[in-house]
Amino acid sequence: MNTNTLSKEAEKRLMNFFNHTIDPNDMAKAIRQVNYLLALEVMRKNETLKNEIDNLENSFYWLNELAEVLNPYLDKE
């Protein structure tokens, strides 16, 4: 896991994005929907993507992690 911190400029831009552009819950929902659609597509074309499976697994994981940061849906009991 990478522990790099964001620059002050990146933090400011993210805050502006979420304060003025999109609701974090809506963004998390959109990320989850896109992640689901990508997973379906990968499963349908699995034989053509053998070399990219590790990269795709990491991408799915990190997109879900981002969605959880924005809206902790999976942590709810």
Side-chain angles (χ1 to χ4, degrees):
M1 184 172 154
N2 193 351
T3 59
N4 292 341
T5 58
L6 295 174
S7 69
K8 292 294 181 190
E9 179 63 25
E11 286 181 24
K12 180 181 173 185
R13 292 174 70 187
L14 280 170
M15 292 299 289
N16 285 338
F17 178 79
F18 286 114
N19 287 334
H20 303 290
T21 306
I22 191 168
D23 178 58
N25 293 337
D26 292 339
M27 176 63 98
K29 181 179 178 182
I31 290 170
R32 288 183 179 104
Q33 288 173 336
V34 168
N35 219 19
Y36 175 74
L37 293 173
L38 288 172
L40 284 177
E41 184 63 20
V42 168
M43 287 188 291
R44 289 184 182 133
K45 300 193 184 222
N46 189 20
E47 65 277 354
T48 63
L49 296 171
K50 294 282 185 205
N51 297 333
E52 295 294 322
I53 294 298
D54 288 340
N55 188 27
L56 289 168
E57 286 176 354
N58 287 334
S59 297
F60 293 140
Y61 174 80
W62 288 113
L63 280 173
N64 280 329
E65 286 295 307
L66 176 58
E68 282 299 300
V69 167
L70 298 171
N71 178 13
Y73 177 77
L74 297 175
D75 289 340
K76 293 182 180 177
E77 295 182 20

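Computed from a predicted model, the values in this text were never measured in an experiment. Note that these values count all heavy atoms, side chains included, but never hydrogens, waters or copies made by symmetry.
Within the 4.5 Å cutoff, the side chain of Asn25 has no heavy atoms near those of the Lys29 side chain.
For the pair Asn35 (side chain) and Ile31 (backbone), a donor-acceptor distance under 3.5 Å is absent.
Linking ILVMFWY side-chain heavy atoms closer than 4.5 Å, directly or via other members, places Val34 and Val69 in two distinct hydrophobic clusters.
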Check the pair Lys8, Arg13 against side-chain contact (heavy atoms from CB on, under 4.5 Å), reporting the backbone distance first and the verdict last. CA-CA 9 Å; Lys8 292 294 181 190; Arg13 292 174 70 187; over 6 Å; no
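What you find for Ala67 and Ala28 is that their closest heavy atoms are O-CB, 3.5 Å.
By the side-chain contact (heavy atoms from CB on, under 4.5 Å) test, Glu65 is found to be paired with Tyr61, Trp62, residues two or more places apart in sequence or in another chain being considered.
Rounding to the nearest 0.5 angstrom, the gap separating the CD atom in Gln33 from the CG atom in Leu38 is 12.0 Å. To the nearest 0.5 Å, the span separating CZ on Arg32 from CG on Leu66 amounts to 9.5 Å.
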